[in-house]
Each structure stands twice: as C-alpha cells, then as structure tokens.
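Worksheet for the structure shown next.
The chains referred to below are lettered A, B, ... by the order of the sequence lines, with proteins before strands, and numbering in each begins at 1.
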Number of protein chains: 2
Amino acid sequence: MTPERILDAAEEVLRRYGPAKTTVVDVARFLEVSHGTIYRHFASKAALRDAVAERWLHRVSLPLAEIAAEQGAAAERLHRWLRQLMVLKRQKVLDDPELFATYSAIAEEAREVVQAHIGELVTQLTQIIESGISTQAFKVTDAHQAAKAVFSATARFHHPAHALEWRDPNIDADFAQVWQLLLVGLVVGETFKQ
Amino acid sequence: MTPERILDAAEEVLRRYGPAKTTVVDVARFLEVSHGTIYRHFASKAALRDAVAERWLHRVSLPLAEIAAEQGAAAERLHRWLRQLMVLKRQKVLDDPELFATYSAIAEEAREVVQAHIGELVTQLTQIIESGISTQAFKVTDAHQAAKAVFSATARFHHPAHALEWRDPNIDADFAQVWQLLLVGLVVGETFKQ
DNA sequence: TGAATGACAGATATTGATTTTTGTCATTCA
DNA sequence: TGAATGACAAAAATCAATATCTGTCATTCA
C-alpha cells in the first residue's frame, strides 16, 4: 500500500460520497484493506484530508507556474495568468458543482495547506511583476506588494466564497474592468496626492 | 402592534438565540402576543427575516450615502467611503463575532434584499466617480462601470465571506495598496495595449 | 521485520419516535 | 370592524437509543 494509492482512493470516495459522509473506513473498504492500514500511512483523518487538498491545489498552481516562467511581455502574461486562475476555478464549479463544494469544504478545513498555496500563487505573481519592472513595462517599485494587491483585488474572481457570483454572465466584463484599472495602476505606478 | 415593534423584538431575539434557533413563536412570546399576530403583519417567517435584513443593511448604507452626497474632492471622498464601508463591517465582526455571524447567515438567505443593497452601494460609488469625472479629477469615461470595478476589486475588504481575513493585521496595508492601484487607474483612465 | 490486521474504548453520527414550529382560519375581542 | 386569538394540519426540529467511526495497539502474516 502506497500513500498515493490511498490518496487516489480518498479522492474517489470523496467524489462519490461528499466530504461530510466520507469516513476513513469507507476509504479502507474501497481499497479492500482494514482502516488500520490507512493509519499506518497517515497520522490522522485530518492529515489524509490535508494531503488530498494539497494534491488538488497543486493541480491549480502547476499550469500557472508555467505561465509565470514564460518569457513574453509581462502585462500579457499577467493577464493570462489571472484569467487562467479564474477559468480553472470556474470550470470546476460549472462542470461539477457538488465536487466543487467538496473541494471548498475541504479547503476551508485545511487552512494551513491553503495558506501555503496562496503564498505560492503570490510568489508566481511577484515573479511576473518583477520581470515587468525589469523591462520597464511596469513602473511600480515593490513587486511583492503589487502582487499581493493584484491577488486581493481579483479575489471575487478566484475565491471560492464568490462561486455563486460566477454564474452571472457579466462576470467576464467585470473582470475586464478590474483588470483595466489594475493594469493602468501597474504601468503608471505613480502616487497621487489626495 | 406595529411592524416596527415586531422588527425590534425579532432583532433582540435573534441577538439572544442566534439565527438557527429563533422561531416566530419566540418573537411572539417576547412581545407577549400570539404568533398569529405576527402573521397578520408579515406574510411569512422569510418576509420577517428579509425585513430585519433590510433594516440592518440600511444602517450601513445610510452613513455612506452622506459621504457620497458631500461636496469635497472625489478621490478623497471615494477613499473615505471605501474605508468607512470596511470599518463598519470590521467593527461589527470584532465587536461581536456571534452577532456578525447572525447578520451574515441572515444575509445569505435574504439574497434579493442583499442584491438591492449592493445596487444601492454601487449607485453611491457611481455618484462619487461621476463628480470626479465632472471636475476632471478622474479620466475614466464610464462612471458606473468604474464603480462596479472598484466595488469588485475591494470585495476582500467588505464582503462578509472574507471576515476571517480581517483579523490579519496587514489588512489595512493590503487595502492601502489596492486603493493606490485603483486610484491611479481612475485618475489616468487610459487604456494600454497588451 | 516491516506491513497489515482486527478488537477495543471513547467520540461522533444516525435514526425514528416525539415535540415544536409554521402557516391558516374561524372565532373572539374592544 | 380591524386587530388579536388559539386550535389545527402539515412540515420541521429535537432527543435519546443505537450504530458507526476514529485512533490505538497487541497480535498475525508473509
């Protein structure tokens, strides 16, 4: 028995039963082993749950990391990165709302894992903005600060708590408008007196 | 018996028992009347709940309306309006987290009322941005579009789903950073090619 | 000898019988 | 005569008995 096989099984059982009704015994039954076996590989149900969440979130951050590592124009790359994040999340909620609810419920419990994931995403954003600063496409001075601001300002388009709003057909137009304001802010980068 | 007295009682009972355990019978008992009396003034428990939500939300939109109606500089007014919205929400969650949870739970059920409230807030933002456009402080062209974008981009600082993040002491710095980017966007208003 | 088992205690969840609540309305009250 | 009552049916919530689950560990297996 490998941790990977257990994670595969846990994911499948979660998919079938949902987060509330999934038990360690269910996962063990699915693998036709005793539930003690699972406790040999994971310290607790919470640890198993965190490992599942980590794998899920990795599937989001991996394709984004590719965009962050590309060479092209920073503004275009930043736009594509943000849209990709939005599209990845939205596709999940539209394809299978129940599975998305499962994701979200688990993510809400696995806070440390989610914090690490967000840290990773902000690092990727910082990377893109830094490359924009070095080519003088962006005039902002602190790439990490700017990355955090961009991530905050787009929360409505990627945070699962806003998933219901993603049904609104205007959501793409709303994103475009926010993107426009942020892009101008990054490009100009000046501070205005109040 | 007036609708107002019933709303006062409903609020008090909600404050004491929470949204899950509050019944129409509890509200009637508090007023020392039969529960039939309440159904004379409100068509259903949902209608009573919506009326309570409406009154609560009005207490948020009223002080903001004053700022929106002031004369001063648009940028300063817009900043003050957004901070006031943030402060009003945050004060509620810090002062009495349980009562805030009650607010939030009720708001989640009273969706139409919340939609109307958000519409009102966006109208106020539009008003401020229009005044900024007329004094040439802002160069954006569509005030209503810009208002929606500003509201979206600041969701993390006023949407109750993000209340847990408001404990982070960096939240004010994060807001300042987002505000900076948005302000530059509004003031410059130009579109940049990708 | 490292991995899996299954019995076990304490904690948690399920179930179905019972109580409470919602919403209506014919009747009473002032 | 408009407002309040209280009895009622149907729907929903509660509660306590019962079952299941989590996490441990001495024992078995290969």
Side-chain angles (χ1 to χ4, degrees), chain A residues 1-56 98-99 101-113, chain B residues 1-55 98 101-113:
Chain A
M1 185 59 47
T2 66
E4 282 70 29
R5 277 193 66 205
I6 296 173
L7 286 175
D8 290 339
E11 225 168 279
E12 184 54 31
V13 173
L14 279 165
R15 194 184 293 273
R16 290 188 193 179
Y17 299 171
K21 290 187 181 169
T22 295
T23 72
V24 175
V25 173
D26 290 329
V27 177
R29 252 201 297 268
F30 184 84
L31 289 165
E32 293 176 305
V33 295
S34 74
H35 75 279
T37 298
I38 291 181
Y39 281 96
R40 167 158 295 280
H41 295 278
F42 293 93
S44 64
K45 190 186 185 182
L48 175 57
R49 181 248 284 141
D50 286 2
V52 168
E54 206 166 355
R55 233 171 52 152
W56 277 344
E98 264 193 76
L99 184 59
T102 297
Y103 282 132
S104 302
I106 295 224
E108 217 156 300
E109 291 180 327
R111 289 208 193 153
E112 286 186 26
V113 172
Chain B
M1 187 57 50
T2 66
E4 280 71 29
R5 280 194 63 205
I6 296 173
L7 286 176
D8 290 340
E11 225 168 280
E12 185 54 32
V13 173
L14 278 166
R15 194 183 293 272
R16 289 187 192 181
Y17 299 171
K21 289 187 182 171
T22 296
T23 72
V24 175
V25 172
D26 290 330
V27 178
R29 251 201 299 269
F30 185 84
L31 289 164
E32 293 176 305
V33 295
S34 72
H35 75 280
T37 298
I38 290 181
Y39 281 96
R40 167 157 297 280
H41 296 279
F42 293 93
S44 64
K45 189 185 185 182
L48 174 58
R49 182 249 284 141
D50 286 3
V52 168
E54 206 164 358
R55 233 168 55 149
E98 265 194 74
T102 297
Y103 282 133
S104 302
I106 295 227
E108 217 156 300
E109 292 181 327
R111 289 205 194 158
E112 286 186 25
V113 172

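Between the CD1 atom of Ile6(B) and the OH atom of Tyr39(B) there is a distance of 11.5 Å, given to the nearest 0.5 Å.
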Anything under 3.5 Å between a protein N or O and an N or O of nucleotides 27-30 of chain D, put it in a table, one pair a line.
none

Problem - Verdict with reasoning, Asp8(B) to Arg55(B), per side chain to side chain contact (heavy atoms under 4.5 Å, CB included) - result: CA-CA 10 Å; Asp8(B) 290 340; Arg55(B) 233 168 55 149; 2.8 Å; yes
Exercise for the section: Please assess Ile106(A) against Leu14(A) for the test side chain to side chain contact (heavy atoms under 4.5 Å, CB included), listing each intermediate value before the final yes or no. Expected result: CA-CA 10 Å; Ile106(A) 295 224; Leu14(A) 279 165; 3.7 Å; yes
Exercise for the section: Summarise how protein sits on nucleotides 2-18 of chain C as a single string, 5' to 3': B when a protein heavy atom is under 4.0 Å from the base, S for sugar-phosphate-only contact, - for no contact. Expected result: -BBBBB-----------
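The phosphate of dG23(D) has neither OP1 nor OP2 within less than 4.0 Å of any side-chain N or O from Ser44(A).
Salt bridge present: Arg29(B) and Asp26(B) bring a charged side-chain N and a carboxylate O closer than 4.0 Å.
Contact annotation for Val25(A): base contact, defined as any heavy-atom pair under 4.0 Å involving a base atom.
If you check dT21(C), dT22(D), dT22(C) against the side chain of Arg29(B), the one that comes closest is dT21(C). Comparing dG23(D), dT24(C), dC21(D) by their nearest atom to the side chain of Tyr39(B) picks out dT24(C).
Across all their heavy atoms, Ala28(B) and Ile38(B) have their closest contact at N-CD1, 3.5 Å.
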Fill in the blank from the handout: Note, DNA chain D 5' to 3' with Watson-Crick or G-U pairs under 3.5 Å encoded as ( ), [ ], | and . gives ||||||||||||||||||||||||||||||
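Atom CD of Glu108(B) has 12 or fewer heavy atoms from other residues, nucleotides or ligands within 6.0 Å.
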